[in-house]
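Throughout, protein chains are lettered first and strands after them, A, B, ... in sequence-line order, and every chain is numbered starting at 1.
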Amino acid sequence: MVRADRPRPRGQDKRKDERAAPPRRRGREEMIDVQLLRTEIDAVAKRLATRGYTLDISGFRALEEKRREIQTATEQLQSQRNALAKQVGQAKSKKDEAQAAALMRQGAEFGEKLKEMEADNAAVQEKLREFVSLIPNLPHASVPVGSRPEDAVEQRRWGEPRKLGFQPRDHVDIGAGLGGMDFDTAAKLAGARFVVMKGAVARLHRAIAQFMLDTHTTEHGYTEVYTPYMVSSACADGVTSLAKFKGDLFKIEDRDLYLIPTSEYSVTNFVRDEIVPLEKLPLKFVCHSPCFRSEAGAAGKDTRGMIRNHQFDKVELVHIVHPDKSYEALESLTAHAEEILKRLELPYRVVTLCTGDMGFQAAKTYDIEVWLPGQNAYREISSCSNCEGFQARRMQARFRNEKGGPELVHTLNGSGLAVGRTLIAIMENYQRADGGIDIPAALLPYMGPLKVIGPAR
RNA sequence: GGAGAGGUGACGGAGCGGUUGAACGUGCCGGUCUCGAAAACCGGAAUACGCGCAAGCGUAUCGUGGGUUCGAAUCCCACCCUCUCCGCCA
């Protein structure tokens, strides 16, 4: 995937050795950068409009003008104060107490006024920061423009839905028949949208995660990581807008902690406030974790079974890469996720999400959809996104570039894959007429003696 | 949970409340020397933001947030984190 216009490295712009090239413009289209808003707000607004976001241009301009005013004035005053304080020091070191006293009296007059201005300044800066932090990422030029999920563009299909020769059941019926999935007990424990798995089904669930981890670590070059299942608000705001999405998260009472809705939240933040040495890139992590989502806006949607639960397991892939390499990385990350489905021999298709359907932080997203006979449809099982420098800017995640200057990394993440949905896909695609399920060949090494999971009697 | 110690730049480690963005060392980059290298010597090098066409100037940053002061890495308060000891516990 080649970018229409490549992002220009930022951060080393003040270097003296910059050739006689025309005055550099800041980073082009890679992220919501205040600089970009200042210099090219109309173009930015236009791009954001394609994803259904209306940028308040005049609001920004007003805020920005106010900021400029207050910041300049404040810094001037600070500068005066500093100069005066320095003079006091000089006078004192010369033992000129009278002079020092006079200067100190002068300085005392700054006190209140400066304090006020600094407060005003902080307030404006915060307002501006908040404004900017609510703006979603700019879509990449290759992303199809559209507003509805159906505007996604199919890239490819793999595999043929197998002919079962009988009316397929969905995973809920199959699971109940096997005595391996128990939604009633789950409801007793925690309410709706949870599951209890038992016996061979629970084992199959575990096997799936193991298989994915093994494949990604030994064949795709990922480092396995285990992380906290809760992160601070700062980390949550690093990967997305916490202000916008906190309703989708479970918060720990009385603590500044949120249950992770995906380990993207914990893993991507490994590099927050870091400057990664160039030679360490790319970083590729794989993390198996539970994911917790409140599904606040999903009332009535996918209520049956474990398609959309408050808690599910996922094997997540995260790349931290050089900006020049992030679109290559997106292809490879997506291919790694696809490889799992191929080995499990589950039919799927890959679509490019349209501008209006992408997540807040994504510049480009491929969804992988697996075939579910019980629903007679392709359903999302993985979502692979390049966030470019968007999260990196929020996290202050940088690397030291070829010129020795710090520059934002690009971050990517994708499910490789959602474990619960993979289980569903296996159950529905490998179901037998007798109500049992065959175990995919790739998983046999993880299932002990089992080759089939048979119906309970 | 109780008692104590501590958080300074890539790292180690100084820092009487006053030209300290921060000594010194290591590492790093450039140079001298060398056939090369090592050693030695000389020099350079933080990050973010603002103003400026630019040269440059300014502001902020010594765990975080407040406070005292003309002036805070240095003093006070709160919080966070790390380490040691004790207790408790999967």
Who pairs with [N] - Watson-Crick or G-U, where each distance is under 3.5 Å:
N	result
B:G9	none
B:G4	B:C83
B:U32	B:A40
B:C49	B:G58
B:C88	none
B:G71	none
B:G17	none

Grab the [atom1]-[atom2] distance between [X] and [N] for me, whole Å please.
X	N	atom1	atom2	value
A:E279	B:A10	CD	C1'	12 Å
A:D256	B:C79	CG	P	16 Å
A:L114	B:G58	CG	P	17 Å
A:Q71	B:C49	CD	C1'	6 Å
A:K280	B:A10	NZ	C1'	11 Å
A:N121	B:U59	CG	P	14 Å
A:E407	B:U47	CD	P	13 Å
A:K115	B:C70	NZ	C1'	13 Å

Candidate nucleotides [options], ranked by approach to the side chain of [X] - the nearest:
X	options	value
A:S79	B:G50, B:G58, B:G18	B:G58
A:T72	B:C70, B:G50, B:U19	B:G50
A:R400	B:G50, B:A60, B:U47	B:U47
A:V88	B:G58, B:C70, B:U19	B:C70
A:Q78	B:G18, B:U59, B:C49	B:U59

Fit a plane to each ring of A:H171 and A:F183, take the angle between them on a 0 to 90° scale, and name the class: parallel (under 30°), tilted (30 to 60°) or perpendicular (over 60°).
-> perpendicular
Taking all atoms of both residues into account, what is the closest heavy-atom pair of [X] and [Y], and its distance?
X	Y	result
A:C387	A:N137	O-ND2, 3.1 Å
A:C384	A:T334	CB-OG1, 3.6 Å
A:T50	A:T355	O-OG1, 2.6 Å
A:R193	A:R308	NH1-O, 2.9 Å

Toward the 5' end of RNA chain B, by each residue's nearest nucleotide, A:Q76 or A:R38:
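That would be A:R38.
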Give a yes or no on whether A:E219 atom CD has more than 12 heavy-atom contacts from other residues, nucleotides or ligands under 6.0 Å away.
yes
Whole-angstrom distance between [N] and [M], as gauged at atom [atom1]:
N	M	atom1	value
B:G27	B:G44	C1'	14 Å
B:G21	B:A72	P	11 Å
B:C24	B:G15	P	15 Å
B:G87	B:C28	P	47 Å
B:A23	B:A78	C1'	32 Å
B:A14	B:U26	C1'	15 Å
B:U74	B:U61	C1'	16 Å
B:C76	B:A22	P	26 Å

For B:U59, does OP1 or OP2 lie under 4.0 Å from any side-chain N or O of A:R81?
no
For B:U59, does OP1 or OP2 lie under 4.0 Å from any side-chain N or O of A:N82?
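Yes, within the criterion.
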Contact check, residues 60-68 of chain A vs RNA chain B, heavy-atom distance under 4.0 Å, returns A:R67, A:R68
For this session: Evaluate the side-chain proximity of A:V143 to A:L353: yes if any heavy-atom separation is below 4.5 Å, no if none is.
Result: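 Of all side-chain heavy-atom pairs linking A:V143 with A:L353, none is under 4.5 Å.
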query: Do A:E380 and A:R421 come close enough that some side-chain heavy atom pair is under 4.5 Å?
result: yes
Distance from A:Y265 atom OH to A:C291 atom SG, nearest 0.5 Å?
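A:Y265 OH to A:C291 SG: 11.0 Å, rounded to 0.5 Å.
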Set out, in order, the CA-CA distance, both residues' side-chain angles and the distance that settles ring-ring contact (aromatic ring centres under 6.0 Å, His included) for A:F285 and A:H216, then state yes or no. CA-CA 9 Å; A:F285 297 115; A:H216 294 312; over 10 Å; no
Could you tell me whether A:R129 contacts a base, only the sugar-phosphate backbone, or nothing, with contacts defined as non-hydrogen atoms closer than 4.0 Å?
->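 No contact at all - A:R129 keeps every heavy atom at 4.0 Å or more from the nucleic acid.
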